[in-house]
Each structure stands twice: as structure tokens, then as C-alpha cells.
Number of protein chains: 2
Amino acid sequence: MIKISKSVEYSILALKYIADNENFASLSSRKISDDLNIPYDLLSKLLQKLVRKGIVQSQQGKYGGYNLLVDSNKLSLLNIIDALDENIQLANCTFDGANNEDCARINNCYIRSPFLNLQNKINKMFNEITLNELTN
Amino acid sequence: MIKISKSVEYSILALKYIADNENFASLSSRKISDDLNIPYDLLSKLLQKLVRKGIVQSQQGKYGGYNLLVDSNKLSLLNIIDALDENIQLANCTFDGANNEDCARINNCYIRSPFLNLQNKINKMFNEITLNELTN
DNA sequence: TTTATATGCGATAAAATTAGTCGTATATAA
DNA sequence: TTATATACGACTAATTTTATCGCATATAAA
């Protein structure tokens, strides 16, 4: 429990690798995949999502690849999680507008509100840690 | 991602329910299960684990049930997670003594140490929130 | 001492989530 | 024109989580 998905892990690894090679040619997903030992197809999809969210830029064709569009001191872990359409949700009901379909106990539940508080704290923590701080 | 398992959720619900009824007869797992809408077999096992860890006390036989052994102001979320043999492990490699079987990249990994730091922060946060604070 | 009602617990099954793969289309520099 | 890249939906596999089953043991009350 409380784990970071491989998608997020791979994305952090790749983003850092791209950031560190910004001054050279752009890195292809094939090269990132080979160098970091990340499954190629999976990585490609992650990078495509990051393109759509404006975090990286892609160049198709021969000698194509990816470049970082944002400052790695400003990109937070929460930003990355968001970009991959994931989220921090401690329980089925810990989001605005949850109803009985999400949890049978919701109407007289004594843990939902404290869980929401805790979730907010974790969100805040994840929003305060940047890509640079996530790597050494 | 980043969720609290049903086991932990059910345990918190049950522990609070037991705590609130401490002055009456001890609550049977059947009653807790019925009242809180938690699968009976699952809840029983969770309570059995909590007995083994000294968090609750059980009384078998007719009119048996469970009683809390610890102060609900001192029992932390981390204590409960521990008692259920779960843990906060952000990645496969974020524990002492992780090796190549846990991650192919471990020897020149630039995210392990920051992940460990983040994990420690979450552990600390979870150790500071008590059963009382987890309920309202 | 019998009975009803509890907990104890290993084994297994079902469900859900996460991770990984495949096929095909499109883009583009050389 | 060709080689090398990204784009992306559909699908499969693996893992983890959640739930169930069957049987054993304990004990208070009738």
C-alpha cells in the first residue's frame, strides 16, 4: 500500500534523463528505454501523455526525440502524477461528490473527513517536491 | 495510486467502533460486521491480527467479542498498518538491503535515495496521526 | 453435558488494478 | 524513397488486493 506506480517511477527517471541531456540532441524513447531499462512501449505512451500535458516536447522522424518544456525546479511530483491521469485517493470516497455507489457507509461515515484531511496533506507534500529534488 | 487498503480502512472503522462501545459489553465481530457493513470473514481476520499485536483483546464463546487494549489517543495510523503486516513502500527498492532482484537499475539509480526520504516523511506523518484523529 | 454462538486460521478464489505487448498509422530528416 | 522516429487504440499478462470457504477451537448459558 501507499506505492508509487511504475508509470510515475518511469516518468521521473525519463524526465530527469531528458533534463540532464538538454544541451545535447533530443533523446529518443528508444534510447531512454535502452539506457534506463524501461519497457519501450510503456515508456512511449508515458512520454506521449507528457507531451499532451505540455511537460515535454516531441520531434518525430529521424533524429527525433523528446525535450523538456518546463523547469525541473518547478515541476512537482504532483504535476507528474496529474499529467499521467493518476491521483492520490486514499479511499473510494475521498473526492468531492462521492456517493453511495462509492461507499455503502458514506452517509454516516466517521472516517471520510479525516481521510480527506490526510489526503490533502499528502497532496501538499507531493506538490512541494520537485523533479530536481526527486533525483540526486 | 497512493491508497489505503481496505484492510486498514476496515480496521480503523472497527477499532473506533470498539473504542466507542468500551463501556458496554464487548462487540462481536458479527455485530461489527453487520453494523459497519464490512465482510465478516475479512473483518474476523483483521481483528485476529490486531489481537496478536496486542491492540485489542478477544473473548471467545457466547457473548464474546473484542475490547480495545490501547489508548485511542496513542494508537497511530502507522501502528495499525504495522499490525496488519502492511507497510509504506513507495517503490520495490525503497527498503534497507534492496538489491538487483528488486530493481535492475538499483546500482546507478538516482531516484532511490529521494524516494526513501519521501517515504520517511510519509511514515512520520502516519505515525503522528492517531485513531482519534482519524475519526470524528 | 449439550447447544448456540463466538473466535482462530490456513487455503483458495474472485476481482480489480497495474504493467506490459502488439499492430498499425503517421511524421520527417537524410 | 527509406530508415527511423513518435502516436495510439486494443489487448494480454502479471500482480496485488479483496473476499470466501471449510473446519477447528473456545466458552457461556440452558
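Throughout, a chain's letter reflects where its sequence line sits, starting with A, and its residues are numbered from 1. Source: prediction; values computed, not measured.
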- Query: Quick one: which of C/dC9, C/dT21, D/dT18 gets closest to the side chain of B/Lys45?
  - Reply: C/dC9
- Message: Can a side-chain donor-acceptor contact be found between B/Asn132 and B/Asn73 if the only test is distance below 3.5 angstrom?
- Response: yes
- Please state how far atom NZ in B/Lys53 lies from atom P in C/dC9, giving the value in whole angstrom units. 12 Å
- Message: When you measure from the side-chain N and O atoms of A/Tyr66 to the phosphate of D/dA5, is any distance below 4.0 Å, counting only OP1 and OP2?
- Response: no
- Would you indicate what A/Tyr40 reaches in the nucleic acid, counting non-hydrogen atoms under 4.0 angstrom: base, sugar-phosphate, or nothing? base
- Starting at the 5' end of DNA chain C, which residue's closest nucleotide do you reach first, B/Gly61 or A/Tyr63? B/Gly61
- Is there a side-chain polar atom (N or O) of B/Gln59 under 4.0 Å from OP1 or OP2 of D/dA28? yes
- Task: Measure the distance from CG on B/Leu84 to P on D/dT17 and round it to the nearest whole Å.
- Result: 13 Å
- Out of C/dG8, C/dC22, D/dT6, which nucleotide sits closest to the side chain of B/Gln60? C/dG8
- Query: Can you tell me how far P of D/dT6 sits from CG of A/Asp41, to the nearest Å?
  - Reply: 12 Å
- Just how far, in rounded Å, is P of D/dC8 from CG of A/Leu46? 14 Å
- If only side-chain N and O atoms of B/Ser58 are considered, is one of them under 4.0 Å from the OP1 or OP2 phosphate oxygen of C/dG8? yes
- Task: Salt-bridge test for A/Lys16 and A/Asp20: reply yes if a basic N is under 4.0 Å from a carboxylate O, no otherwise.
- Result: yes
- Taking atom C1' of D/dA5 as reference, at what distance in whole Å does atom CD of A/Gln48 sit? 11 Å
- Query: So, do A/Asp41 and A/Lys45 sit near enough that their side-chain heavy atoms are less than 4.5 Å apart?
  - Reply: no
- NZ of B/Lys62 versus C1' of C/dT3: gap in Å, rounded? 8 Å
- Note on the structure: Contacts of B/Ser7 and A/Val51 projected onto DNA chain D by closest heavy atom; the upstream (5') one is A/Val51
- Item | N or O in side chain of A/Ser29 less than 4.0 angstrom from D/dT6 OP1/OP2 | yes
- note: B/Glu9, atom CD; D/dT17, atom C1'; distance rounded to Å ~ 13 Å
- Message: Taking only side-chain N and O atoms of B/Lys49, does any of them lie within less than 4.0 angstrom of OP1 or OP2 on C/dT7?
- Response: no
- Say whether A/Ser76 and A/Asn127, considering side chains only, have a donor N or O and an acceptor N or O under 3.5 Å apart. yes
- Relative to the 5' end of DNA chain C, which residue comes earlier, A/Leu42 or B/Arg30, by the nucleotide with the nearest heavy atom? B/Arg30
- Close side-chain approach of B/Phe126 and A/Ile122, heavy atoms under 4.5 Å: yes
- Task: Select base, sugar-phosphate, or nothing to describe what B/Lys3 touches, counting heavy atoms under 4.0 Å on all strands.
- Result: sugar-phosphate
- Query: So, B/Gln59 versus B/Ser26: side-chain donor-acceptor pair below 3.5 Å or not?
  - Reply: no
- Message: Using the side-chain heavy atoms of B/Tyr10, tell me which of these nucleotides is nearest: C/dT7, C/dG23, D/dA19.
- Response: D/dA19
- Can you tell me if the side-chain N/O atoms of A/Arg52 get under 4.0 Å from OP1 or OP2 in D/dC8? yes
- Message: I need the CD-C1' distance between B/Gln57 and C/dA6, as an integer number of Å.
- Response: 15 Å
